[in-house]
Amino acid sequence: MTRSARQAAVIGGNRIPFARANGAYAQATNLDMLTATLDGLAARFGLAGERIGEVAGGAVLKHSRDRDLTRESVLGSRLSPATPAYDVQQACGTGLETAVLVANKIALGQIESGIAAGVDTASDAPVALNDDLRRVLMRLNGARSLGERLRAIAGIRPGQVVPEIPRNAEPRTGLSMGEHAALTALEWHVGREAQDELAAASHRNLAAAYERGFFDDLVTPFLGLTRDQNLRADSTAEKLARLKPVFGGPDGTMTAGNSTPLTDGASAVLLGSDEWAAEHRLPVLAHVVDAETAAVDFVHGGDGLLTAPVHAVPRLLERNGLTLQDFDFYEIHEAFASTVLATLAAWEDPAFAKERLGLDAPLGAIDRSRLNVAGSSLATGHPFAATGGRIVATLAKLLHEKGRDTGNRGRGLISLCAAGGQGVVAILEAA
Amino acid sequence: MSLAPLYAKAAVGAVGPRASTLPDTVLRRSVDVDRTHLAAYAQVCGFRFSDALPPTYPHVLAFALQIELMAGRSFPLPLPGLVHVANTITVHRRVDAAERLQLAVHAERFVGHPKGAQVDLVAAVDVDGERVWDGRSTYLARGAHAPEPGEQSPPPPEIADGPPSAVWRVDGDTGRRYAAVSGDVNPIHLYPLSAKAFGFPRAIAHGMWTAARSLAALEGRLPDALTHTVAFGRPLLLPSTVELRTRRDGDGWGLDVRSRKGTHLTATAGDRPGA
């Protein structure tokens with residue numbers, strides 16, 4: 001493929017430690033967390049009062065009062081109020097999609113700098129009015145006469161005081177994400193032991209990364225938390241093996257240990273042109289090479305809810321003339337351990353490659369020692385829209401470190417599955 | 001942290017002999033910030049909830065000590081009827097909610113005022129011996145006499161008329177909500193009926209709520225270290241619709257809060273406001 005555009009630089013990132021739902025951030029709103037995260041980024045890179053090209057952010061669980069959440073957050077932050085912002089919502093893909101959008105505008109020369117952000121809270125989640133009650137109130141609002149008003153009020157029933165709590169379920173299937181993932185795990189024969197090993201590795205890798213100070217310039221403490229609350233440094237596959245399954249019935253393989261918990265948190269990534277970074281004396285860690293988003297028909301088409309990255313990656317590799325083995329790091333979002341393992345299995349399967357991906361040969365296996373080397377969502381937790389930003393900043397720094405230590409201009413692959421049968425994947429290259 | 005018993009004690013003790021000069025008492029207390037309380041305060045006043053204490057937050061921590069000092073007979077002015085007329089806060093550096101705060105409160109500058117006598121309640125917050133926050137609340141007792149005449153510090157400059165930066169609806173329960181987070185349960189702030197007993201047509205907003213709410217409107221525009229000076233004007237009757245006007249003022253900001261009834265407060269805030 002021909003490239004005429006320049007590549008956006010990943011300059012750095014900031015996030016707050018991720019907290020378990022109803023934990024350290026139980027009283028914090030999305031606006032509180034996102035503003036703290038942007039302020040932390042501004043402090044780290046000297047952006048106070050700076051007009052940034054744009055801030056793209058979003059949240060998956062969002063109150064109706066949080067219209068234009070990201071712009072509101074920018075207005076309350078130390079960034080210049082002349083910084084435009086907009087919200088994006090693409091389930092768990094949100095945080096990576098915002099990075100792709102900002103990177104594309106930088107590549108096109110429409111902006112010189114940008115921030116990609118995401119935030120989510122499961123503790124301060126919106127609770128909506130009962131839908132029947134909401135209809136009554138809307139009728140009441142539109143009533144023009146006393147009679148109409150009385151008729152509207154007469155429609156109120158005691159049962160309508162029960163509010164609608166958001167559920168982690170697909171609207172079209174009624175199944176939770178975990179139940180969907182359990183179906184995929186079964187389809188790809190993903191065993192319990194392999195899932196527990198992957199989960200233990202995630203905790204081990206994250207703990208080691210914290211220990212060596214890897215997150216010192218990626219994380220700003222918030223509300224008393226200095227590390228991800230979900231991290232269990234002493235986690236082992238043996239300990240995880242004792243947990244009872246929570247998805248897939250009594251014979252299921254998915255537990256609270258190898259599934260991500262509900263989490264609160266926020267992340268932000270600073271992107272820019274190389275010129276902008278140089279002008280501001282800021283380092284360039286990596287460049288955004290390319291990205292692809294795929295979607296699958298998980299409702300009627302027989303695809304797994306979280307399997308869209310399986311389709312996105314081969315398209316991305318093809319366009320960039322790369323093979324799956326051409327990467328130094330793989331960041332595959334651990335929505336569930338089984339999701340990662342099913343994704344890898346699909347890429348290794350010759351029949352699937354031929355029949356579903358239209359390829360002569362499967363993508364093949366990856367070197368597992370390059371997978372999620374600084375931990376991933378099973379250990380950090382997964383505040384939906386904040387995960388993409390966490391991964392982009394982590395991978396950019398990993399690539400930068402490797403380049404510095406070995407002189408090797410490394411390459412990394414990001415794969416993020418999302419509810420709604422979508423998946424966002426991207427390639428970063430060390431600067 | 002309701003101060004109702006102290007108010008009751010002060011009301012009972014309002015009649016009878018009092019000291020004629022200020023006590024030289026310094027009340028001290030160590031405080032660990034309760035983040036749940038901080039979150040509630042931030043929500044009522046419109047601040048973001050984070051690790052940094054809002055500039056006005058230590059005032060509510062020190063307020064109980066202020067009342068304790070003013071409620072006794074050794075204090076020359078009766079607490080009921082004291083009007084908060086001015087307030088100055090200096091934040092010397094960002095104060096983190098995880099820090100243990102050493103509070104000290106004393107009274108000084110008991111002097112005459114054109115309408116009576118005034119006194120300053122001075123609060124200081126130290127962290128490990130380092131001064132991080134200073135507060136000075138000036139109260140007026142109408143018709144009272146002070147041992148010496150006083151000089152009035154000039155009020156913050158007025159803001160020019162013009163379109164407001166913001167228009168807020170201040171709800172009728174604002175006084176009760178602020179009372180719950182500040183401990184200031186003075187009946188004039190709570191209900192129309194309890195306010196009427198003290199000569200107000202309706203409940204009035206706490207001055208420090210209006211001060212905090214208008215300061216919160218400058219979210220993101222203020223440095224960590226700052227001075228916030230407020231002169232209170234007409235009582236803000238609840239509910240009300242008020243207008244906020246802000247103006248860049250040297251390195252800081254000037255602001256006022258008005259309604260059709262008049263100006264409720266005028267303030268400056270910033271690194272070196274007015275400089």
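Below, chain A is the first sequence line, B the second, and so on; all start at residue 1. Please read all numbers here as calculations on a predicted model, not as lab measurements.
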Participant: What part of B:A39 is in contact with chain A, defined as an atom under 4.5 angstrom from a non-hydrogen atom: side chain, backbone, both or neither?
Facilitator: side chain

Participant: For atom CD of B:E158, decide whether the heavy atoms of other residues, nucleotides or ligands shown that lie under 6.0 angstrom number more than 12.
Facilitator: no

Participant: Does CD in B:E99 sit with more than 12 non-hydrogen atoms of other residues, nucleotides or ligands closer than 6.0 Å?
Facilitator: yes

Participant: Is it the backbone or the side chain of A:L75 that comes under 4.5 Å from a heavy atom of chain B, or both, or neither?
Facilitator: both

Participant: Should we say atom CZ of B:R234 is surrounded by more than 12 heavy atoms from elsewhere, each under 6.0 Å from it?
Facilitator: no

Participant: Is B:R48 salt-bridged to A:D39, cutoff N-O under 4.0 Å?
Facilitator: no

Participant: CZ of B:R93: more than 12 outside heavy atoms within 6.0 angstrom?
Facilitator: yes

Participant: Could you tell me whether the side chain of A:S77 reaches within less than 4.5 Å of the side chain of B:E219, counting heavy atoms only?
Facilitator: no

Participant: With a sphere of 6.0 Å drawn around CZ of A:R144, does it hold more than 12 non-hydrogen atoms of other residues, nucleotides or ligands?
Facilitator: no

Participant: Identify which of A:G76, A:G224, A:P81 forms the greatest number of heavy-atom pairs closer than 4.5 Å to chain B.
Facilitator: A:G76

Participant: So, taking the atom named CZ in A:R78 and the one named CG in B:L222, what distance separates them when rounded to the nearest 0.5 Å?
Facilitator: 8.0 Å

Participant: Just so I understand: if I count every heavy-atom pair under 4.5 Å between each of A:T35, A:I16, A:V74 and chain B, which residue has the most?
Facilitator: A:T35

Participant: Would you say the side chain of A:T29 lies within less than 4.5 Å of the side chain of B:F49, judging by non-hydrogen atoms?
Facilitator: no

Participant: State whether the number of non-hydrogen atoms from other residues, nucleotides or ligands found under 6.0 Å of B:R260 atom CZ is greater than 12.
Facilitator: no

Participant: Which heavy atom in A:Q27 sits nearest to a heavy atom in B:R35, and how many Å separate them?
Facilitator: OE1-O, 4.4 Å

Participant: Check this for me: B:R28, atom CZ, are more than 12 non-hydrogen atoms of other residues, nucleotides or ligands nearer than 6.0 Å?
Facilitator: no

